[in-house]
Number of protein chains: 2
Amino acid sequence: MTLSEEDYIKAIYHLGKGEQAPVSTNAVAEKMDTKPSSVTDMVKKLSEKGVVNYRRYKGVRLTEYGLKIALSIVRKHRLWEVFLVEKLHFSWDEVHEVAEQLEHVKSEKLIDELDKHLGFPKIDPHGDPIPSKEGEFKKAVKKLLSEVLTGTNGVCVGVKDSSPPFLKFLDKNNIALGDPIIVLEKEEFDGSLTIKINNKEMRISEQIASNLFVEIID
Amino acid sequence: MTLSEEDYIKAIYHLGKGEQAPVSTNAVAEKMDTKPSSVTDMVKKLSEKGVVNYRRYKGVRLTEYGLKIALSIVRKHRLWEVFLVEKLHFSWDEVHEVAEQLEHVKSEKLIDELDKHLGFPKIDPHGDPIPSKEGEFKKAVKKLLSEVLTGTNGVCVGVKDSSPPFLKFLDKNNIALGDPIIVLEKEEFDGSLTIKINNKEMRISEQIASNLFVEIID
DNA sequence: ATAATATTTTAGACAAATCTAAAAATTTGT
DNA sequence: ACAAATTTTTAGATTTGTCTAAAATATTAT
Ligand SMILES: [Mn+2]
Ligand SMILES: [Mn+2]
Ligand SMILES: [Mn+2]
Ligand SMILES: [Mn+2]
């Protein structure tokens, strides 16, 4: 696969939320920052190659083969992210752009040895699971902070939005993955929350809460 | 620069042996495994960009700007080679192909941190010097084993040919960089040498000797 | 010096990935 | 149900990097 094909496959995978729903041409175009006409062309090519199922006007979805490819790219992307943070002291908001390039390097040995070098990590710096060589990973049981009940006791385990601005916001407010969180109060009016994190009380907006994943502790 | 442009710049650099001599179209074509007509096209484009000086039928040479770019690519290539050998347990004959891809990843921080992570190495696994961030490196004082006098006492410091077959040959015969070498005898007839390496006597062909660099110890 | 040979460039074509503008199909609203 | 709005596809053009075949230039040998 070319670099471009790989990026399309990954976009279709992410938009398909696992694999199921067919993905619209416009959705892919938006995610890839291209025009819908370009997507149509590429999707036809990927269909020829057996990577996706496509019927015009009906959207596109990965085949089993396509899903395998997608998972191998995601695996590479996330392993490189771990490498950048753990070994090269990147912060979690700086890794995406570089991993976006590194994920396309072709060498099975490279990625296997990298995996070993990193101690076979199971999640990336944003809390997302790293697929195994065989494409397996357990979908974490996590919920958006905005959707849990008042009084919930949990641990911060991931971010939905992993753009630099959001991640920098979390850093600035001393919120990191692994931190225990208690939801003290939910404000009806604007959806904002009062939480206790690291033994410190703070108030966060609905927008923040709906981009933070927690694992509930009972 | 695009990936392709970068590979052309690197090829012109290597063929130019430092920088001086103008490089022929055919030489670049051979090294890049393309057709001379493709080289002409690319060289025109690089000339527009100020990367090379080119006058038709007269060959091509890097500008000062072009040399800077070449050195930064060579730096990346060799740092990645060190990484692969030191951290990921690649053997020295496996690294070139992968470094050929990794050298094109764009991120200044990435390469600076990698350099630090590796302890600021000065040479790559094949004994070639790694340019500094500023493009400086000292040209090692090394000679081809085939060109030293009988009785010379030296240390194996590099290879001219770094293709897998040659490197595997050296591995198989227990010849590694850093090994002390004494030239016991030179055979007039076929240019073969009798050497003492690691306290073991062995005979090597002219072809081998002309691809091994030694640093002479007086 | 000139002919033969080798090298290099030009002209024209092609595949990949993209774009714009217009046409076709689908979806939505009344 | 049908008009309007939206989405998607097609047609045709563009850029990058490549190729083949032919023409131009340079080099070599007699
Ligand atoms: Mn990518
Ligand atoms: Mn990530
Ligand atoms: Mn390369
Ligand atoms: Mn090397």
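Below, chains carry the letters A, B, ... as their sequence lines are ordered, and counting in each starts from 1.
Distances shown here put a side-chain N or O of Y54(A) below 4.0 Å from the OP1 or OP2 atom of dT9(D). Distances shorter than 4.0 Å separate none of the side-chain N or O atoms of T40(B) from OP1 or OP2 on dT10(C). Contact between the side-chain N/O atoms of K44(B) and the OP1/OP2 oxygens of dT10(C) is found at a separation under 4.0 Å. Contact annotation: S37(B) does not reach the phosphate of dT8(C) (side-chain N/O to OP1 or OP2, under 4.0 Å). Contact between the side-chain N/O atoms of N26(B) and the OP1/OP2 oxygens of dT8(C) is found at a separation under 4.0 Å.
Residues meeting the side chain to side chain contact (heavy atoms under 4.5 Å, CB included) test with V85(B), sequence neighbours left out: V95(B), P125(B). P131(B) is linked by a side chain to side chain contact (heavy atoms under 4.5 Å, CB included) to L71(B), V74(B), R75(B), F137(B), counting only residues two or more places apart in sequence or in another chain.
Rounded to whole Å, atom P of dA16(C) lies 16 Å from atom CD of E6(A). Between R55(B) atom CZ and dT9(C) atom C1' there is a gap of 15 Å when expressed in whole angstrom units. With rounding to whole Å, D41(B) atom CG is found 15 Å from dA13(C) atom P. We find that NZ of K35(B) is positioned 20 Å from P of dA13(C), with the value rounded to whole Å. The separation between D33(B) atom CG and dT18(D) atom P is 11 Å, rounded to whole Å. In this structure, L3(B) atom CG and dA16(C) atom C1' are separated by 15 Å, rounded to whole Å. As rounded to whole Å, 18 Å separates atom C1' of dT10(D) from atom CE of M42(A).
Among the nucleotides dT9(D), dT9(C), dC19(D), the one closest to any side-chain atom of T25(A) is dT9(D).
Relative orientation of the W80(B) and F83(B) rings is perpendicular, given thresholds of 30° and 60° on the angle between their planes.
Residue contacts for S38(A): at a heavy-atom cut-off of 4.0 Å it reaches a base atom on one of the strands shown.
Comparing V39(B) and T34(A) by the nucleotide of DNA chain C whose heavy atom lies nearest to each, the residue mapping closer to the 5' end is V39(B).
H96(B) and E100(B) share a side-chain donor-acceptor pair at under 3.5 Å. Side-chain atoms of D7(B) and H104(B) form a donor-acceptor pair, as typed in the model, at a separation below 3.5 Å.
Ion pairing of K106(A) with E6(A) is present here, as a side-chain N (NZ or NE/NH1/NH2) and a carboxylate O approach within less than 4.0 Å.
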Under 3.5 Å, N/O pairs linking protein and nucleotides 24-29 of chain C:
residue : atom : partner : partner atom : Å
dA24(C) : N3   : Y57(A)  : OH           : 3.4
dA25(C) : O4'  : Y57(A)  : OH           : 3.2

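A donor-acceptor pair under 3.5 Å is formed between the side chain of T63(B) and the backbone N or O of V51(B).
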